[in-house]
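Quantities reported herein were computed from a predicted structural model and do not represent experimental measurements.
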Amino acid sequence: MVTGGAARLDAAAAERRLRGSASNLRPITLAAGPDDFLRDRLVRAFREGGEAEGAEFQRLEGDELEPEALAGALASMSLFASSRRIWIREAAKLDKACEDVLFAWADGAAEGVRVLVTTARDPEELKSLQAIAARADVARCVARPGEAERWVARLFEEAGLVAPPGASDAVAHAAESLLAASREVEKLRLFADQAGKLPPAAAGALRGARTSASLDRWADAVLAGDLAASRREAAALDAEGAAGTNALWAVAERALAALEPQAFAWRGGPRSGPRLTVPAARAALDAVYAADRALKRGEIRDAEIRDVIEQRLRGTRGA
């Protein structure tokens with residue numbers, strides 16, 4: 001177990017530590033700050049580090065957590081793994097009783113379990129977060145000036161992209177956040193050859209290069225299983241600020257028209273897109289309902305609706 005005072009880490013250093021051995025982690029690591037991209041990377045690193053060690057992974061929701069459930073999770077050992085890693089999402093919503101359970105555990109032996117606590121809030125905003133920070137290594141999830149360029153360059157490297165000089169800086173300056181920049185890099189991967197080299201035409205796919213976006217084209221592409229086309233259209237919709245909630249009806253309308261063609265004939269129905277079989281239409285509606293439920297429960301953001309629908313439909317195709 002790591003001993004000594006708690007550390008204050010930048011996101012890159014925290015990511016390396018979380019991906020490593022649990023023996024190098026304090027009982028609690030707090031990832032705090034408004035940058036969704038950085039928090040998501042730290043959660044992924046924490047999970048991957050556990051997988052490398054054969055640890056069991058568990059996600060707990062801060063706003064739904066009961067003290068008895070938290071105490072049980074911290075105390076119980078897995079029958080199938082030698083250690084456990086627990087992610088508590090949105091620590092700012094933990095109640096006082098859960099905080100007491102967490103602190104008592106952290107101040108005790110805290111053997112066999114490591115906890116990552118995340119929040120979009122700054123620790124200085126709440127006394128409860130300050131109390132967690134006093135017992136934890138703290139990773140600040142805020143991109144400071146100059147960090148965006150380094151992160152985007154790293155994204156290019158991780159994606160195996162060979163881009164012209166200055167391309168990563170251009171993406172970093174054009175995107176309003178690291179999350180948006182990561183989507184730009186993901187978009188560019190669709191244009192790379194097998195060696196990762198990007199052709200000059202790839203610049204046309206970057207944010208702002210499209211003159212218009214179409215929710216109909218996106219819905220047609222995602223229902224046809226055309227991943228490249230759906231991602232390009234989704235990026236164009238993001239660039240124009242098109243709300244993700246409109247995607248729910250775009251897909252549902254096509255599915256309902258396939259299931260109930262007579263009921264939709266009077267309103268014309270969607271005129272474009274692939275012909276949907278009954279199973280495909282039902283799968284599309286299931287994806288819409290799943291995204292809608294997740295949005296209402298606060299599990300996803302508006303901007304993630306299209307991603308959830310695409311992932312669910314890819315799963316039904318066995319992709």
Side-chain angles (χ1 to χ4, degrees), residues 6-20 25-26 28-49 59-63 85 87-94 115-126 128-130 132-133 136-159 161 168-189 206-208 234-235 238-239 241 243-244 294-295 298-308:
R8 297 298 182 262
L9 307 168
D10 62 29
E15 184 178 23
R16 291 190 295 271
R17 183 173 293 190
L18 291 168
R19 188 171 280 115
L25 298 177
R26 294 183 65 82
I28 303 174
T29 300
L30 173 64
D35 198 299
D36 297 333
F37 169 82
L38 294 177
R39 290 200 315 277
D40 288 347
R41 282 190 69 105
L42 296 187
V43 171
R44 184 165 62 249
F46 185 62
R47 185 192 296 268
E48 291 173 354
R59 168 178 168 170
L60 300 174
E61 296 293 335
D63 58 345
R85 293 196 181 198
W87 169 33
I88 301 177
R89 180 178 174 272
E90 198 41 72
K93 297 180 180 179
L94 280 174
V115 176
L116 172 66
V117 182
T118 61
T119 177
R121 306 284 293 271
D122 187 285
E124 301 303 320
E125 294 179 21
L126 298 173
S128 60
L129 294 180
Q130 293 174 28
I132 295 175
D137 285 343
V138 180
R140 293 295 185 123
C141 296
V142 180
R144 293 189 291 266
E147 286 188 335
E149 290 81 359
R150 291 192 292 273
W151 275 108
V152 173
R154 183 174 174 181
L155 288 173
F156 269 80
E157 182 180 351
E158 290 175 350
L161 294 177
S168 64
D169 286 347
V171 171
H173 287 113
E176 72 277 6
S177 67
L178 288 177
L179 182 61
S182 70
R183 290 173 176 167
E184 292 295 293
V185 174
E186 183 67 21
K187 191 184 353 172
L188 290 174
R189 292 179 63 180
L206 290 174
R207 183 180 179 88
D238 288 340
L295 179 68
E299 297 170 354
I300 63 172
R301 299 181 299 274
D302 183 85
E304 296 173 304
I305 289 174
R306 290 189 298 266
D307 292 339
V308 171

Item to check | Where Gly33 and Val142 come nearest, the two heavy atoms and their spacing | outcome: CA-CG2, 4.3 Å
Next on the checklist: Salt bridge or not between Glu158 and Arg41? Use side-chain N to carboxylate O under 4.0 Å.
Outcome noted: yes
Checklist entry - Do you know which of Asp10, Asp122, Leu38 makes side-chain contact (heavy atoms from CB on, under 4.5 Å) with Arg140? => result Asp122
Next on the checklist: Going by side chain to side chain contact (heavy atoms under 4.5 Å, CB included), name the residues that satisfy it together with Leu295, two or more places apart in sequence or in a different chain.
Outcome noted: Thr245, Ile300, Ile305
Checklist entry - Do Glu90 and Thr118 pass the side-chain contact (heavy atoms from CB on, under 4.5 Å) test, and can you show the C-alpha distance, the side-chain angles, and the key distance before you say yes or no? => result CA-CA 5 Å; Glu90 198 41 72; Thr118 61; 5.8 Å; no
Item to check | Arg17 bridged to Asp137 by N-O distance under 4.0 Å | outcome: yes
Item to check | Short side-chain to backbone donor-acceptor contact, Arg85 and Phe46, under 3.5 Å | outcome: yes
Item to check | Separation between CZ of Phe37 and SG of Cys141, rounded to the nearest 0.5 Å | outcome: 10.5 Å
Next on the checklist: side-chain contact (heavy atoms from CB on, under 4.5 Å), that's the test. Do Val171 and Phe156 meet it? Break it down for me.
Outcome noted: CA-CA 10 Å; Val171 171; Phe156 269 80; 4.1 Å; yes
Checklist entry - Got a salt bridge between Arg154 and Glu157, using NZ or NE/NH1/NH2 to carboxylate O under 4.0 Å? => result no
Checklist entry - Just how far is it from atom CG of Leu179 to atom CD of Glu184, taken to the nearest 0.5 Å? => result 11.0 Å
Checklist entry - Taking only residues two or more places apart in sequence or in another chain, which ones pass side-chain hydrogen bond (donor to acceptor under 3.5 Å, both in side chains) with Arg89? => result Glu61
Checklist entry - Does atom CZ of Arg189 have more than 12 heavy-atom neighbours from other groups under 6.0 Å away? => result no
Checklist entry - Side chains of Glu299 and Val308: closer than 4.5 Å at any heavy-atom pair? => result no
Checklist entry - Do the charged groups of Arg183 and Glu186 touch, with an N to O distance under 4.0 Å? => result no
Checklist entry - About how many Å separate CG of Leu126 and CZ of Arg121, when rounded to the nearest 0.5 Å? => result 4.5 Å
Item to check | pair Asp35-Ser177: side-chain heavy atoms closer than 4.5 Å | outcome: no
Checklist outcome for this item: Scanning both residues in full, the closest heavy-atom pair of Ala91 with Thr119 reads N-CB, 4.0 Å
Checklist entry - Is there a side-chain contact between Ile132 and Pro123 (heavy atoms, below 4.5 Å)? => result no
Checklist entry - What's the spacing between Thr29 OG1 and Leu9 CG if we round to 0.5 Å? => result 8.0 Å
Item to check | Rounded distance (nearest 0.5 Å) linking atom CZ of Arg44 with atom CD of Glu15 | outcome: 7.0 Å
Next on the checklist: Whether Arg144 and Glu147 form a salt bridge (side-chain N of Lys/Arg under 4.0 Å from carboxylate O of Asp/Glu) is what I want to check.
Outcome noted: yes
Next on the checklist: Restricting to non-hydrogen atoms, name the atom on Ala143 and the atom on Leu178 that form the minimum distance, rounded to 0.1 Å.
Outcome noted: CB-CD1, 3.8 Å
Checklist entry - Which is it for Ser128 and Leu94 under the side-chain contact (heavy atoms from CB on, under 4.5 Å) test, yes or no, and what are the steps along the way? => result CA-CA 9 Å; Ser128 60; Leu94 280 174; over 6 Å; no
Item to check | Worked verdict on Leu116 versus Leu18 for side-chain contact (heavy atoms from CB on, under 4.5 Å) | outcome: CA-CA 9 Å; Leu116 172 66; Leu18 291 168; 4.3 Å; yes
